[in-house]
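Notes to accompany the following structure.
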Amino acid sequence: MRASRLFFPTLKEDPAEAEAISHKLSVRAGLVRQLAAGLYIYLPLGLRVIDKVNSIIRQEMNAIGAQELSMPVLQPAEIWKQTGRYEEIGAEMFRLRDRGEREMVLGMTHEEIITWLAAGELRSYRDLPQVWYQIQTKLRDEARPKSGMLRTREFLMKDSYSFDVDEEALEQSYQLHIQAYDRIFERCGIEFYRVESDPGMMGGAMAHEYMAPSPAGEDEVAICTACGYAANLELAHSVPDHPEYPEPVMNEVATPEVRTIDEVSSFLDISPALLIKSLLVMAGEEPVLVMLRGDQELQETKLAHKLGEFRQAHPEEIQKHTGANAGFIGPLELDIRKIADQSLREGVFVVGANRDGYHVRGVKAGVDFQAEYHDIRRVKAGEKCAHCNVDLKVERVIEVGNIFKLGTKYSEPLGATYLDVNGKERPIVMGSYGIGPARIAAAAIEQGADDKGIVWPASIAPFSVHLVLVQPKDSGQTAIAEKLFSDLRSAGIEVLLDDRDIGPGAKFADAELLGCPVRATVGKRTVADGEAEIQLRKGGEEHKFEIGTATAQISSLLEQI
RNA sequence: CGGGGCGUAGCGCAGCCUGGCAGCGCGCUUGCUUUGGGAGCAAGAAGUCGGCGGUUCAAAUCCGCCCGCCCCGACCA
């Protein structure tokens with residue numbers, strides 16, 4: 001491709017609306033343009049990157065025997081009603097009516113449709129297993145699109161679905177996807193973790209997420225560098241440290257206008273870890289007192305697993321159920337359901353007295369109050385791994401892929417069954433597996449970029465070689481550059497020839513902004529000494545190759561990257 | 001949905017408080033020069049100041065309503 005003909009509007013300045021590095025750079029490098037909130041146009045360079053990612057995905061999916069197909073984005077609402085998700089999902093799903101007033105939806109995922117297909121076509125255990133996938137547009141009316149390509153309302157997803165006879169066979173399909181996914185993310189050149197994740201509303205027992213570390217991410221994971229334990233913070237476990245507890249002598253202490261953990265701990269001059277943080281939540285109509293150590297935070301997803309849907313109690317509700325205001329509530333003499341974090345099982349704490357202006361010291365769990373104990377706290381960096389007792393680290397990550405064991409959550413309501421060897425009808429056991437190609441690209445930018453621009457992993461760069469022709473008006477330089485351009489392409493290397501009639505500084509700056517792995521420069525020095533200058537975008541390493549051998553040399557450089 | 005910020009030329013922004021000619025930088029067009037790190041000089045084109053309504057002799061500027069975009073939170077198969 002010639003830069004003089006390529007549509008890649010680069011910008012010197014960061015776009016005003018961008019915050020994330022990947023967002024700024026993908027706009028500046030002319031990869032994308034924003035149409036509206038959460039809606040992006042992929043320009044030629046951006047599309048090339050996505051195509052490269054998709055091509056890697058296809059190769060690895062095909063390698064595990066998955067078969068590509070393509071399903072409609074526009075779908076009848078009826079199928080979603082059958083699985084109950086039409087009501088469950090709410091405002092995030094785009095809904096519309098066709099001219100015949102039939103209710104339709106725009107697909108935010110395709111479990112329903114693929115299961116409908118399977119229900120009609122898969123009949124016998126002989127037909128199984130199957131793995132079907134597509135790379136298809138999804139639409140979600142996101143509450144808050146953000147961070148450029150990281151959370152959009154319309155986006156491409158590779159989604160695959162496995163169909164098996166039983167749980168054991170599903171485990172094999174699941175493992176095959178782990179293999180494929182590991183290879184996909186490795187080949188795309190991004191750093192990633194495979195972490196345990198919350199199966200959530202997808203149902204099913206097991207789920208993992210593929211997470212690319214980046215400060216632009218929306219999730220956090222706990223990682224043990226020693227034993228490899230890795231889990232989304234929504235469900236990560238840890239062993240908390242043990243503070244030194246005082247003598248269990250119970251007495252009430254006046255704490256006027258001292259409400260927050262910080263205020264109470266400094267007023268009493270004790271560590272926050274010696275306080276119990278009491279929160280009143282409403283699970284439907286039922287008030288529940290939730291207790292954590294003062295230095296810990298509630299992990300709401302964990303609590304939701306125990307309580308179902310819940311919300312924070314309003315001030316009037318707190319007053320009504322405890323007799324005190326927020327800041328002074330606690331478990332003593334309180335006849336409502338109580339859930340405490342496991343770290344409160346032992347120890348002696350200060351709690352709110354359920355009387356404004358007072359706290360109680362020397363309170364022992366199990367002695368002075370009873371509660372259900374569950375792990376409901378958020379893991380903090382520095383807490384110990386539950387498996388090997390080494391310090392955990394907590395990192396912010398971008399979710400680039402996920403894999404779920406669905407079981408029969410969709411096959412049962414949609415009647416996707418098969419006849420087993422004994423002629424007995426059984427539901428197909430399913431798995432669901434997603435990858436966001438644009439998030440891979442964004443993660444690659446986030447992880448690789450430097451102050452000059454993007455640094456692409458070679459496998460997904462829009463071009464392998466950015467060939468800078470310094471002076472296109474010089475026939476000597478042009479002849480050499482054209483020859484190299486043509487030789488490189490003959491060698492199967494994708495090359496962008498910058499033949500634009502602009503200053504050399506602008507060309508170099510654009511080359512750095514675009515971030516192709518190899519830059520080759522042909523200028524007056526090349527005419528003089530017959531050597532092409534090669535610079536690697538990553539690390540900036542420079543080489544000079546005699547022009548006759550340049551193609552072979554660049555080829556071997558690219559293989560090493 | 002709650003909180004905050006922003007909306008002025010293609011892009012980045014000033015002007016608004018204190019009403020009175022719509023500006024700056026980059027980009028764009030033309031010409032000449034220049035050509036290994038975002039070139040110089042000269043001449044130009046380009047704006048319903050987000051929209052609607054109000055106040056006023058006069059509104060980018062003050063007031064009201066609406067729309068859009070970004071950030072924090074809630075939410076996130």
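Computed over heavy atoms, backbone and side chain alike; hydrogens, waters and symmetry mates excluded. Order of the sequence lines sets the chain letters (A, B, ...), proteins ahead of strands, with each chain counted from 1.
Side-chain atoms of A:E533 and base atoms of B:G36 include a donor and an acceptor less than 3.5 Å apart. Side-chain atoms of A:D510 and base atoms of B:G38 include a donor and an acceptor less than 3.5 Å apart.
Look at B:G19: it lacks any Watson-Crick or wobble partner with both distances under 3.5 angstrom. Base pairing of B:C52 is made with B:G64, judged by Watson-Crick or G-U wobble geometry with both donor-acceptor distances under 3.5 Å. The partner of B:U29 is B:A43, by the rule that a Watson-Crick or G-U pair needs both atom distances under 3.5 Å.
For A:Y161 and A:H110, the side-chain atoms include no donor-acceptor pair closer than 3.5 Å. A side-chain N or O of A:Q130 and one of A:Q67 form a donor-acceptor pair less than 3.5 Å apart. For the residue pair A:D198/A:T301, the side-chain donor-acceptor check at 3.5 Å is not satisfied.
Comparing B:C63 with B:U56, their C1' atoms are spaced 12 Å from each other, to the whole Å. Comparing B:C13 with B:G47, their C1' atoms sit 15 Å apart, to the nearest whole Å. Here the separation of B:C69 from B:C57, taken at their P atoms, is 38 Å to the nearest Å. Of the C1' atoms belonging to B:C67 and B:G31, the separation is 45 Å, rounded to the nearest Å. A distance of about 34 Å separates the P atoms of B:A46 and B:U55, rounded to the whole Å.
Distance check, rounded to the nearest 0.5 Å: NZ of A:K544 to CD of A:E542 gives 9.0 Å.
Residue A:A509 has its side chain nearest to B:G37 when only B:G37, B:C69, B:C71 are considered. Of the listed nucleotides (B:C76, B:G12, B:A77), B:G12 has the atom at the smallest distance from the side chain of A:A16. Each of B:A77, B:G36, B:C72 was ranked by its minimum atom distance to the side chain of A:F508; first place goes to B:G36. You'll find that the side chain of A:T521 is closest to B:G36, out of B:G38, B:G37, B:G36. With B:C76, B:G36, B:C75 as the choices, the nucleotide that has an atom nearest any side-chain atom of A:R151 turns out to be B:C76. Which of B:C69, B:A77, B:U35 sits closest to the side chain of A:A37 comes down to B:C69. Closest to the side chain of A:E17, out of B:C11, B:C70, B:U35, is B:C70. Side-chain atoms of A:T10 lie closest to B:G38 of the nucleotides B:G36, B:G38, B:C69. Here the side chain of A:Q34 is nearest to one of B:G37, B:C69, B:A77, namely B:C69.
Using a 4.0 Å heavy-atom cutoff across all strands shown, A:Q477 reaches no nucleic acid atom at all. A:K473 comes within 4.0 angstrom of a base, heavy atoms only. Within 4.0 Å (heavy atoms only), A:R28 reaches at least one base atom of the nucleic acid. Within 4.0 Å of A:E13, counting heavy atoms only, lies at least one base atom of the nucleic acid. Within 4.0 Å (heavy atoms only), A:K146 reaches sugar-phosphate atoms of the nucleic acid but no base atom. Nucleic acid contact for A:A18: none, since no nucleic acid atom lies under 4.0 Å from a heavy atom of the residue. The residue A:T526 sits close to a base: some heavy atom pair falls under 4.0 Å. A:N402 comes within 4.0 angstrom of a base, heavy atoms only. Within the 4.0 angstrom heavy-atom criterion, base atoms lie near A:R519. Contacts of A:G523 with the nucleic acid, taken as non-hydrogen atoms under 4.0 Å apart, include base atoms.
Spacing between atom CG of A:N232 and atom P of B:A77 amounts to 12 Å, rounded to whole angstrom units. In this structure, the CD1 atom of A:I502 is 14 Å from the C1' atom of B:U34, given to the nearest Å.
One finds no side-chain N or O of A:R140 lying less than 4.0 angstrom from the OP1 or OP2 phosphate oxygen of B:C76. Using a 4.0 Å cut-off, no side-chain N or O of A:K12 falls inside it from OP1 or OP2 of B:C26.
Residue order along RNA chain B, read from the 5' end via each residue's closest nucleotide, puts A:A506 first among A:R144 and A:A506. Of the two residues contacting RNA chain B, namely A:P504 and A:L11, the nearest-nucleotide position lying further toward the 5' end is that of A:L11.
A salt bridge links A:E171 to A:K405: at least one charged side-chain nitrogen sits closer than 4.0 Å to a carboxylate oxygen. Ion pairing between a basic and an acidic side chain is recognised when a charged N comes within 4.0 Å of a carboxylate O; A:D450 and A:R537 show such pairing. Between A:E78 and A:R102, none of the side-chain N atoms (NZ, or NE/NH1/NH2) sits under 4.0 Å from a carboxylate O, so this pair counts as no salt bridge.
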